[in-house]
Amino acid sequence: MMYPFMKLNDETEITHSQILEEGGVQKVEVYFERPTENGFDCARAVLPDYKWLKVEGYTQERIDFFDQLLRANAHLFYKYAAQGGVKIA
């Protein structure tokens, strides 16, 4: 299950998984996706390792920005992953 997190000014949509258990470690996968003329730019990272599993179409500068965003919001990704996404009234 993927849950919406936010949409950036450049049309990048950020979504995240539910909590995933792997080897006794709770992980959350975070996806970044932006529409282009020929499909999508996409990137995928996993917390708590901050490891990039896939990057297509984004510059290193943009990935560095996403990495900072992940580090600043990791606690929220875990919180919302555990709750089944952001609860909006």
Side-chain angles (χ1 to χ4, degrees):
M1 182 69 133
M2 296 302 293
Y3 303 105
F5 184 70
M6 73 170 49
K7 188 173 186 177
L8 304 177
N9 289 340
D10 72 348
E11 299 299 314
T12 294
E13 291 190 41
I14 303 171
T15 59
H16 62 85
S17 69
Q18 72 266 11
I19 302 257
L20 307 168
E21 290 277 340
E22 187 178 305
V25 176
Q26 290 189 334
K27 298 186 175 208
V28 175
E29 289 190 7
V30 182
Y31 293 74
F32 300 81
E33 191 173 79
R34 172 178 64 193
T36 67
E37 288 183 14
N38 299 321
F40 292 90
D41 293 336
C42 60
R44 182 174 53 156
V46 64
L47 301 174
D49 303 328
Y50 301 97
K51 179 179 177 183
W52 290 94
L53 304 175
K54 179 179 183 178
V55 175
E56 292 180 7
Y58 286 109
T59 64
Q60 185 59 50
E61 180 181 4
R62 199 67 177 155
I63 294 301
D64 292 344
F65 170 78
F66 293 159
D67 195 68
Q68 289 177 0
L69 188 145
L70 285 173
R71 291 175 188 279
N73 292 284
H75 64 291
L76 294 176
F77 286 115
Y78 275 96
K79 175 182 176 179
Y80 298 140
Q83 292 178 353
V86 176
K87 301 298 182 197
I88 299 174

Provide the closest heavy-atom pair for I63 versus A43 in the form atom of the first, atom of the second, distance. CD1-CB, 3.9 Å

Closest non-hydrogen atoms of I19 and A82, given as atom of the first, atom of the second and distance, are CG1-N, 3.8 Å

Looking only at non-hydrogen atoms, find the nearest pair between A81 and V28 and report the distance. CB-CG2, 3.9 Å

L20-M2 co-clustered via ILVMFWY side chain contacts under 4.5 Å: no

Shared ILVMFWY cluster between F5 and F65, side chains joined below 4.5 angstrom? yes

Identify whether V55 and L69 are in the same connected component of the hydrophobic contact network (ILVMFWY, side-chain heavy atoms under 4.5 Å). yes

Taking L47 as the starting point, is it possible to reach Y3 by hopping between hydrophobic residues whose side chains are less than 4.5 Å apart? no

Within this structure, what is the CZ-NZ distance for the pair R44 and K51, rounded to the nearest 0.5 Å? 10.5 Å

Under a plain distance cut-off of 3.5 Å, with no hydrogens placed, do D10 and T12 share a side-chain donor-acceptor pair? yes

Passing candidate, ring pair (Phe, Tyr, Trp, His ring centres under 6.0 Å) with Y58, options F66, W52, F40: F66

As an exercise, state the distance from OH of Y80 to CG of N73, rounded to the nearest 0.5 Å. 9.0 Å

Within a radius of less than 6.0 Å around CD of E21, do more than 12 heavy atoms belonging to other residues, nucleotides or ligands occur? yes

Spatial distance of atom NE2 (H16) from atom NZ (K79) [nearest 0.5 Å]: 11.5 Å

Any chance CD of Q60 has more than 12 other-residue heavy atoms, nucleotides or ligands included, within less than 6.0 Å? yes

Any donor-acceptor N/O pair, E29 side chain to S17 backbone, under 3.5 Å: no

Is a donor from one side chain sitting under 3.5 angstrom from an acceptor on the other, for D64 and Q68? no

CD of E33 to CD of E11: how many Å apart, nearest 0.5 Å? 12.5 Å

Give me the one residue out of L53, V30, L70 that meets side-chain contact (heavy atoms from CB on, under 4.5 Å) with V46. L53

Would a hydrophobic clustering, with Ile, Leu, Val, Met, Phe, Trp and Tyr connected at side-chain separations under 4.5 Å, put L76 with M6? yes

Is there side-chain contact between K27 and D49, with heavy atoms separated by less than 4.5 Å? yes

